[in-house]
Amino acid sequence: MNKTACRGLYAITDAVLLPDERLLAAVEQAILGGARSVQYRDKSGDGGRRLAQAHGLNRLCRRHQVPLIVNDDVELAAQVGAAGVHIGRNDPAFATARARLGEAALIGVSCYDCLALALDAERAGADYVAFGAFFPSPTKPDEIRAPLGLLREAKVSLKVPVVAIGGITPDHAPTLLDAGADALAVVSALFAQPDIRDAARRFAALFT
């Protein structure tokens with residue numbers, strides 16, 4: 001698949017903001033508004049529900065030619081044929097994910113506020129790295145905070161795309177793009193809005 005999907009608006013789902021009956025419609029609105037990639041994030045223990053939702057999202061994303069990335073769960077990504085997986089510090093090793101999903105899969109790695117983690121991920125073959133949170137996040141209020149200067153350092157040191165995450169809104173997103181972010185990962189400023197499609201358009205316009 002085209003790995004330039006690592007750039008632009010990166011929509012991340014949230015089980016609280018998007019109950020089951022709204023999930024697919026809300027994600028489709030985000031895609032129609034300009035989201036370039038979608039991450040399915042659900043930490044519940046209901047395996048059957050997660051499998052059904054991931055299948056539905058993957059069909060939707062394929063129809064719109066947008067990659068679906070599964071958060072944390074390599075096996076779920078493999079089961080539904082998702083475009084890839086996003087892994088973090090406590091997730092399965094990168095090599096395991098690559099071996100299970102193949103060379104064509106998109107694999108992203110959370111690097112928090114640490115450039116060294118990003119350099120290791122790039123050497124291992126990651127397709128993108130994510131830093132944050134850059135601003136207070138309603139989704140993860142206790143998340144590690146990353147300084148803006150980290151993006152500038154990352155753009156000098158890395159060749160892979162850099163994703164910024166954490167409390168991002170259209171109003172302060174330009175500072176992240178100016179510092180070097182290739183993609184903006186957004187949860188609340190997208191899916192907590194009354195008009196998701198319009199919210200996505202506001203973010204997408206920043207990349208044109």
Side-chain angles (χ1 to χ4, degrees), residues 4-19 22-43 57 60-61 64 66-72 86 88 106 108-115 117-118 128-155 158 160-208:
T4 60
C6 296
R7 294 176 168 83
L9 173 59
Y10 186 169
I12 301 183
T13 70
D14 179 90
V16 175
L17 295 175
L18 301 175
R22 289 191 59 227
L23 177 64
L24 292 179
V27 170
E28 184 163 41
Q29 287 302 301
I31 293 171
L32 292 173
R36 295 285 303 278
S37 51
V38 174
Q39 183 183 127
Y40 174 56
R41 185 178 186 275
D42 186 305
K43 298 293 188 178
L57 284 172
L60 173 69
C61 287
H64 288 284
V66 168
L68 176 69
I69 310 298
V70 174
N71 180 271
D72 288 357
H86 185 91
L106 271 172
V109 180
S110 289
C111 299
Y112 314 99
D113 62 344
C114 183
L115 182 60
L117 282 177
Y128 70 87
V129 297
F131 294 110
F134 285 96
F135 304 99
S137 170
T139 306
K140 293 184 176 183
D142 300 321
E143 190 65 279
I144 295 167
R145 293 291 295 276
L148 190 63
L150 179 60
L151 290 174
R152 299 187 183 96
E153 291 182 68
K155 290 308 293 182
L158 300 167
V160 295
V162 172
V163 178
I165 190 169
I168 300 170
T169 70
D171 293 332
H172 53 229
T175 63
L176 299 172
L177 298 178
D178 289 345
D182 297 294
L184 301 175
V186 181
V187 185
S188 297
L190 184 59
F191 291 121
Q193 306 311 305
D195 188 332
I196 294 170
R197 188 169 181 173
D198 183 65
R201 282 196 187 109
R202 290 187 66 195
F203 279 106
L206 299 172
F207 294 90
T208 58

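A quick note: this is a predicted structure, and the numbers were derived from the prediction, not measured. In this chain, residues are counted from 1 in sequence order.
- Annotation: side chain of S188 is not in contact with side chain of Q193 (no heavy-atom distance under 4.5 Å).
- At least one side-chain heavy atom of L57 sits under 4.5 Å from a side-chain heavy atom of L24.
- Nearest heavy-atom pair across I144 and Y112 is CD1-CB, 4.1 Å.
- In this structure, the side chains of T175 and F135 come closer than 4.5 Å at one or more pairs of heavy atoms.
- Inter-residue side-chain proximity for Y40 and I69 is flagged as unmet; no heavy-atom pair is nearer than 4.5 Å.
- The six-membered or imidazole ring of Y128 lies near that of H86, with a centre-to-centre distance under 6.0 Å.
- Under a 4.0 Å N-O distance rule, the pair R36/D182 does not qualify as a salt bridge.
- Nearest heavy-atom pair, A181 versus A164, reported as atom, atom and distance to 0.1 Å: CB-CB, 4.0 Å.
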Handout entry: Derivation and outcome, side-chain contact (heavy atoms from CB on, under 4.5 Å), residues L151 and D178
Key = CA-CA 9 Å; L151 290 174; D178 289 345; over 6 Å; no

Problem - I165 and Y10: CA distance, side-chain angles, deciding distance, side-chain contact (heavy atoms from CB on, under 4.5 Å) verdict - result: CA-CA 9 Å; I165 190 169; Y10 186 169; over 6 Å; no

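- With rounding to the nearest 0.5 angstrom, the CZ atom of F191 is 9.0 Å from the CG atom of L17.
- Just one residue in the list P147, C114, C111 forms a side-chain contact (heavy atoms from CB on, under 4.5 Å) with F131, and that residue is C111.
- Across every non-hydrogen atom of S37 and V66, the tightest pair is CA-CG1, 3.6 Å.
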Exercise for the section: Mind running side-chain contact (heavy atoms from CB on, under 4.5 Å) on L148 and R152 for me, showing each step along the way? Expected result: CA-CA 7 Å; L148 190 63; R152 299 187 183 96; 3.8 Å; yes

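- You'll find the side chain of V162 reaches within 4.5 Å of the side chain of V129, heavy atoms only.
- Between E28 and L23, the closest side-chain pair of non-hydrogen atoms is not below 4.5 Å.
- The CZ atom of R201 sits 7.5 Å away from the CG atom of D195 when rounded to the nearest 0.5 Å.
- In this structure, the side chains of V38 and P67 stay at 4.5 Å or more apart for every pair of heavy atoms.
- Rounded to the nearest 0.5 Å, atoms OG1 (T169) and CG (L184) are 10.0 Å apart.
- Rounding to the nearest 0.5 Å gives a distance of 11.0 Å between CZ of F134 and NE2 of H172.
- L158 CG to L115 CG: the interatomic distance, rounded to the nearest 0.5 Å, is 6.0 Å.
- The shortest non-hydrogen separation linking A35 to A11 is CB-CB, 4.2 Å.
- Within the 4.5 Å cutoff, the side chain of T13 has no heavy atoms near those of the D42 side chain.
- The two residues A200 and A30 have their closest heavy-atom pair at CB-O, 3.5 Å.
- Interatomic distance, CG of L18 versus CG of L190, reported as 8.5 Å (0.5 Å rounding).
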Problem - Candidate pair E143 and D113, rule side-chain contact (heavy atoms from CB on, under 4.5 Å), full reasoning - result: CA-CA 10 Å; E143 190 65 279; D113 62 344; over 6 Å; no

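- The shortest non-hydrogen separation linking C6 to V163 is O-CG2, 4.4 Å.
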